[in-house]
> 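Can you read through this structure? Questions will come right after.
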Amino acid sequence: MITLLAADRPRFRPGPDRTSARPAFAGRITQSIRFGALIAVASLVTAAAIAEEPPAADAPETATEPIAEPLHVRIDSAVERNAIGPLAPICGDADFVRRVHLDLAGVIPTAEQVRDFLADDAPDKRQRLIDSLLESPDFSRHFAVQLNVLLLDRKAEKYVDQKVWETYLIEAIENRKPLDQMFRELIAPSVTGDDQSPTRKFLLTRDAEPHAMTRDVGRLMFGMDLQCAQCHDHPLISDYYQEDYYGLFAFLNRTSPFEDPASKTGLLAEKADGEASFESVFTGDGKPLMLPRIPRGASVYDEPELTGDEAYVAKPDKTTAAKPVYSRRAALAQMLADSPQFRRTLANRLWSLMTGRGLVHPTDFDYADNPPVNPELLALLADELAAQKFDLRHWVRQVMYSRTYQRECEPARPETVNLADVRSRLDQLTAIHEDRLAKANQLREAWSTARSAWETSLETNEQVAAELPKIEARLAEAREAITKAEQESQQAREALEQLVTRSKPIETVLIAARSAAEQLGEATDEPALTQSLALLTQRSTELAEAIKAAESQRDQKTELLTKATEAAQVIDAELAATKAKRLPTEKLVELEQAHLALFEKQQLADASRRLVDSQIKLCNDLLTYPTAASTEPERAAAIWQSVIDQWTLRGQVAPLKPLTPEQLAASAMRATGMLARSESAAQAALEKTPPKALEAEGLDEATQAQIRQVALQAELLQQLRGNVNQFVGQFGGLSGEEFQASVNQALFFGNSPTVNGWLVAGNDTLIGRLKDLDDTDTLADELSLAVLSRPASIEERREIADFLNPPAEPADAESAPSERTTALAEWVWAMLTSNEFRFNH
């Protein structure tokens, strides 16, 4: 957190030692400024007397304003209702015009823009400036840079050309693509129908490695850095679970990078199979099959059952990136907008970009013990994103219209605090503390019960899922036994039928032979007939015995078939009974939604309870300070610093936000006149090589103009890249990180050939325009407007006049113009290295 130390906030006022000779002074001011730059950026001197506003009433757990009220009204209501002590007044026009240009265009305004704004007396001029900048191409370029840093974490360029990627971002913002759609395309580029979409850069920059993707999707899109939950439940965060990690991992573990052998282009490949499972290295608990699940959100219970070739649009081979019919990544993308955690995270990140700090901070660690400083405000911001279909400009416009955004960054002085009101507020907060705690506990119990019901249902289904294969295997064996018994029974019946068929003619002949013998009588002497009759009788007897044995065999096989069928029926009934234990998907979804809804309410209630705790602390700090100030100055200073920090976090005071490396580079270039050169170079490059998209037939003028504008902004980023990268190397960090000054940063400004090269007297440079101005008041104003976005003070005008026009000795008359230019360059350099330039006021 930036430390705010002293009682006054002076503008940067370099001034000469009037008792010293010019050469000695010049050396001292340079040395003093450069030494000061080493430490000045590490701390700020702030404070001013602020008119007190009456304390706000207690904050409710949810927004109470009518939905018809604009968001900026509801933002201010949520902030002011939660305020303890005075609110900073609205900032002056000079601070506002600089702040809004930096936040919407990524660069300080020109001197002419500042002059015009300050001269405008219209009451709606701030809204008109906001609207104008939001519709400017500078906004698209600046937010493209912001998103690039946020999404890629300044990782090394790979797979997709940086200019192509930046062009996509600029075009998406220029065309007002909803933010949720942009994020969907980052996760599943193929949803655009273009496997070579620049959006694949997001995953390919992480080499499409499943664990790297899981961590960064979790933290960037759901505000949960789950890396430490990969091998076990998070050891420090009680509500980050291993199943959160692997639920998200299940969406991504089928994805891998693929290099097209012909074009050497990096693509994304995805298999149609591959499940997630986990086991804790500490407890051994886990899941053999983890369903895809959004962190703190919905699960995927039913997926298409596709096998073999039918599972793929493009089958995997050495020349083709695998593309399944059903993509789990695409499923994750489609679920984003419906996730309250995604909306909450996105709103929190946007708030951080606008104010320098998220309502949940750090933005990557949203958990119960790190609640938002204003839960009502975060809920408002997230709900508005969804209600307005993730319209970036609408959301930003409403935030910037608010008094909260436009407040002064100087905190109140201790003597301006109405202690009687603070005591009254403390009594109110103490009275509602136990009620808030009880409500939070009650909701926690209700949520715990609902979650247990859902988890029990999942466990039941998991047990069923584990039992079913065993039962189905037994049933398969039983059915095989039936098939075998049926075959053997059929064979026995066929064998019996064959014997019966064979015996019938023998029986017929035997009957005829017996009849003939009877007719011949006993006296007949026909040996052949007697012998034949004996043989037929013997054969008939044999066949009868065989038929009897075959019938017995048939009966046995029939009985075996009956038993096998009965056994299969028992197993089939067991299978049906086991399946009946499994809850249908609709019931699981119902139970899941119930527990998630209660989780949201419990989360808000617990955050509201913690808010009361922090408000009570702030009241106690304010009431303790006066006594400590008179008896323990050091302790009092620490208490007051804590008060200022809390006011800043709550939006009672606007935060001081360090310029990003990109803002710092562009602003230094604009102040010195160098940015115009890059803009002209970008325009020339575009005229030399027009965008290929313009070659398409049937484009209207508006479309052509937009194509040119997107290409121009992308080309400008290309022109600035070399200079910006130098600043990124010194001042760069991850999006949302807190500012920390370093010696190397100060040395960079002091010794960089690039920065020193901007302090030259050219036709289109600041020093070139000002070096011949005789009126030092005009020069001082132009200089201050160009660099600090405000007119010079009377004292600054005097100091600049003394510095630029020292008494000249006769021998120095010829060198006076060059000394004046050098002195002017030193002064500009000193302003660029000042606190006032380094931070967004």
> Do the side chains of R344 and D366 get close enough for a salt bridge, i.e. N-O under 4.0 angstrom?
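Yes, this pair counts.
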> Restricting to salt bridge (charged side-chain N to carboxylate O under 4.0 Å, His left out), what partner residues turn up for D207, sequence neighbours left out?
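Result, salt bridge (charged side-chain N to carboxylate O under 4.0 Å, His left out) vs D207: K158.
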> When you compare the side chain of I707 with that of L699, does any pair of heavy atoms fall below 4.5 Å?
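Yes, their side chains come closer than 4.5 Å.
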> Quick check: do I294 and L248 have side-chain heavy atoms less than 4.5 Å from each other?
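I294 vs L248: side chains apart.
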> So, D364 and R349, do they make that salt bridge, N to O below 4.0 Å?
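Answer for the salt bridge query: yes.
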> Under 4.5 Å between any side-chain heavy atoms of F96 and I130, yes or no?
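Counting from C-beta outward, F96 and I130 do come under 4.5 Å.
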> Could you pull out all residues at least two apart from V145 that satisfy side chain to side chain contact (heavy atoms under 4.5 Å, CB included)?
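So V145 forms a side chain to side chain contact (heavy atoms under 4.5 Å, CB included) with E662, L717.
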> Listed by chain and number, what are the salt bridge (charged side-chain N to carboxylate O under 4.0 Å, His left out) partners of R128, not counting sequence neighbours?
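Expected list: D120, D124.
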> Is the closest basic N to carboxylate O distance between R328 and E303 below 4.0 Å?
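Looking at E303 together with R328, the answer is yes, because their closest N to O distance falls below 4.0 Å.
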> Side-chain contact, heavy-atom cut-off 4.5 Å: K389 with P178?
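No, too far: nothing below the 4.5 Å cut-off.
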> Assign the ring pair Y401 / H72 to parallel, tilted or perpendicular, where the plane angle (0 to 90°) is split at 30° and 60°.
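Answer is perpendicular, since the angle exceeds 60°.
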> Between S140 and E174, do the side chains contain a donor N or O and an acceptor N or O under 3.5 Å apart?
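The criterion, which ignores hydrogens and geometry beyond distance, is satisfied for S140 and E174.
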> Decide, yes or no, whether a salt bridge links R670 with E679 under the criterion of side-chain N to carboxylate O below 4.0 Å.
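Yes, this pair counts.
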> Show your reasoning for whether salt bridge (Lys or Arg N to Asp or Glu O under 4.0 Å) applies to E171 and K177.
CA-CA 9 Å; E171 186 175 28; K177 181 175 289 187; over 6 Å; no
> For F727 and F731, take the angle between the two ring planes, folded into 0 to 90°, and tell me which bin it lands in: parallel under 30, tilted 30 to 60, perpendicular over 60.
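Parallel, since the angle between the ring planes stays under 30°.
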> Are R154 and P661 packed together at the side-chain level, in the sense that at least one heavy-atom pair is separated by less than 4.5 angstrom?
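Of all side-chain heavy-atom pairs linking P661 with R154, at least one is under 4.5 Å.
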> Classify the ring geometry between Y245 and F249 as parallel (under 30°), tilted (30 to 60°) or perpendicular (over 60°).
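Correct class here is parallel.
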> For ring-ring contact (aromatic ring centres under 6.0 Å, His included), just list the numbers for F183 and F390, CA-CA rounded to whole Å, side-chain angles, deciding distance to a tenth of an Å, and then say yes or no.
CA-CA 11 Å; F183 277 83; F390 295 88; 9.0 Å; no
> Determine, for K323 against E270, whether the closest basic-nitrogen to carboxylate-oxygen distance falls under 4.0 angstrom.
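So K323 does not pair with E270 through a salt bridge.
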> Do Q196 and D260 pair up side chain to side chain, a donor and an acceptor below 3.5 Å, judged on atom types alone?
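Their side chains do not contain a donor-acceptor pair, so the 3.5 Å distance test is not met.
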> Start with the C-alpha distance between Q719 and E715, add both sets of side-chain angles, then the distance that settles side chain to side chain donor-acceptor pair (under 3.5 Å), and finish with yes or no.
CA-CA 6 Å; Q719 295 289 334; E715 181 58 35; 2.9 Å; yes
> If the test is side chain to side chain donor-acceptor pair (under 3.5 Å), which one of K201, Q162, E166 qualifies with N148?
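Passing option: Q162.
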> Determine whether the side chains of N348 and T345 contain a donor N or O and an acceptor N or O closer than 3.5 Å.
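No.
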> Please determine whether a side-chain nitrogen of the Lys or Arg among R215 and D225 lies less than 4.0 Å from a carboxylate oxygen of the Asp or Glu.
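Salt bridge flag = yes for D225 with R215.
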> Between R219 and D216, does at least one N-O distance fall below 4.0 Å, as a salt bridge requires?
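Looking at R219 and D216, the cut-off is met.
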> Does D131 come within less than 4.0 Å of R397, counting only side-chain N to carboxylate O?
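Between R397 and D131 there is a salt bridge, with a charged N closer than 4.0 Å to a carboxylate O.
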> Parallel, tilted or perpendicular: which fits the ring planes of W351 and W395, with parallel below 30° and perpendicular above 60°?
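Because their plane-to-plane angle is over 60°, the rings of W351 and W395 count as perpendicular.
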